[in-house]
Amino acid sequence: MNAPSLAASDPGLIFAWEHPRSRRFAITGFLFGSLLLHALGFYIFQIVYPPAVALLPPPGRVNLIAPNSAEGRLLLRWLDAEDPALASTTQPLAGRKSIGLPTIQHAPSYLTQQPALKEVSAMTADVRLPSAHPPGPVEQSRAPIETPVTIVPTTIRVSPELGALGAVQGPEMKFVTSLRDAPDAARFRVAADANGEVRYCFLETSSGDPALDEQARKYLSLSRFPSLPNSPSKIGNDFVWGIATVEWGNDLAAPPPPATGPVAP
């Protein structure tokens, strides 16, 4: 099968291989025509039309108010009448002379009257010995105000379990503290038998002073409760446990001062 028969059967599968036409003269003609149109437009807008004339701004005008015209005189009289400076000042009457004060030269008083000067007294030195008791205010002797000291004794409070046995009976209270600060209340766990005697005493809350706690424990150990008629049948062979609180007063004895012995060499 040759090329012409294939092209006749299916023309979409075969390229056209003829030589392209020459467009050289068409492009040259378009360029020449564009140049001619530009030259014609330049001639019309730059040569035929007259050039634009630049108009200068109008010169500034200054209006002067002069009394040469009736309008100028009228305007000047109006300005004088409406002047606020003249309205706020006092205008003297027409035809009256102003009263001027005379000029007086100041003359100080020390030019006409000389002050009298005081004479300085002669200075004499005091060669006497100063007194050992110079004069001074008298001190008023006041008696010191004595405030009576109220003695607050040390008390022992017991819980209701021990309070049912009666008031605590013990030896004379004489406690000596070892600290300068006031002690806190001390609490003890106490056990009493059927006869009211304290069999056990244990420290629960310290007062802050171990020596004072030990003295309070010994005091409670030597104390006893009164024997009630029904106490044996109520207590039997068991113990009554309760809390005893020692509240310290101001009857505590102060600690002895430390002994100052000779310093060892």
Side-chain angles (χ1 to χ4, degrees), residues 42 45-153 177-185 207-209 247-263 265:
F42 181 77
F45 291 102
Q46 295 295 332
I47 298 177
V48 177
Y49 284 177
V53 179
L55 299 178
L56 298 177
R61 299 176 59 185
V62 178
N63 297 328
L64 299 178
I65 304 173
N68 299 333
S69 61
E71 296 179 356
R73 289 192 297 271
L74 181 61
L75 184 58
L76 290 176
R77 284 197 300 270
W78 181 80
L79 291 177
D80 292 339
E82 298 295 334
D83 188 5
L86 296 177
S88 61
T89 57
T90 303
Q91 298 292 335
L93 298 177
R96 185 176 179 180
K97 296 181 180 180
S98 62
I99 300 176
L101 298 177
T103 304
I104 300 177
Q105 186 177 4
H106 173 67
S109 60
Y110 57 82
L111 294 179
T112 59
Q113 183 181 1
Q114 294 292 335
L117 302 178
K118 294 183 179 180
E119 296 182 359
V120 181
S121 59
M123 184 176 180
T124 57
D126 189 4
V127 295
R128 293 177 301 175
L129 296 176
S131 175
H133 301 284
V138 179
E139 297 182 0
Q140 298 180 0
S141 58
R142 295 181 179 180
I145 301 175
E146 297 182 357
T147 304
V149 180
T150 304
I151 303 298
V152 179
T177 178
S178 61
L179 301 177
R180 297 295 179 180
D181 300 334
D184 299 332
S207 63
D209 189 349
E247 296 182 353
W248 310 103
N250 56 0
D251 57 347
L252 301 178
T260 56
V263 180

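If you read the sequence from its start, that first residue is 1, and numbering goes on from there.
Interatomic distance, CG of N68 versus CZ of R73, reported as 8.0 Å (0.5 Å rounding). One distance of note links OG of S207 with CG of D181; it measures 11.5 Å at 0.5 Å rounding.
In this view, P108 and H106, Y110, L111 satisfy the side chain to side chain contact (heavy atoms under 4.5 Å, CB included) rule, not counting sequence neighbours. Residues meeting the side chain to side chain donor-acceptor pair (under 3.5 Å) test with R61, sequence neighbours left out: none. Checked against side chain to side chain contact (heavy atoms under 4.5 Å, CB included), N250 has the following partners two or more places apart in sequence or in another chain: I151, V152. Qualifying side chain to side chain contact (heavy atoms under 4.5 Å, CB included) partners for L74, counting only residues two or more places apart in sequence or in other chains: R77.
What you find for P183 and L252 is that their closest heavy atoms are CG-CD1, 3.8 Å.
The backbone N or O of A185 lies less than 3.5 Å from no partner atom in the side chain of W248, so there is not a single donor-acceptor pair.
Residues D209 and T177 bring a donor and an acceptor atom of their side chains to less than 3.5 Å of each other.
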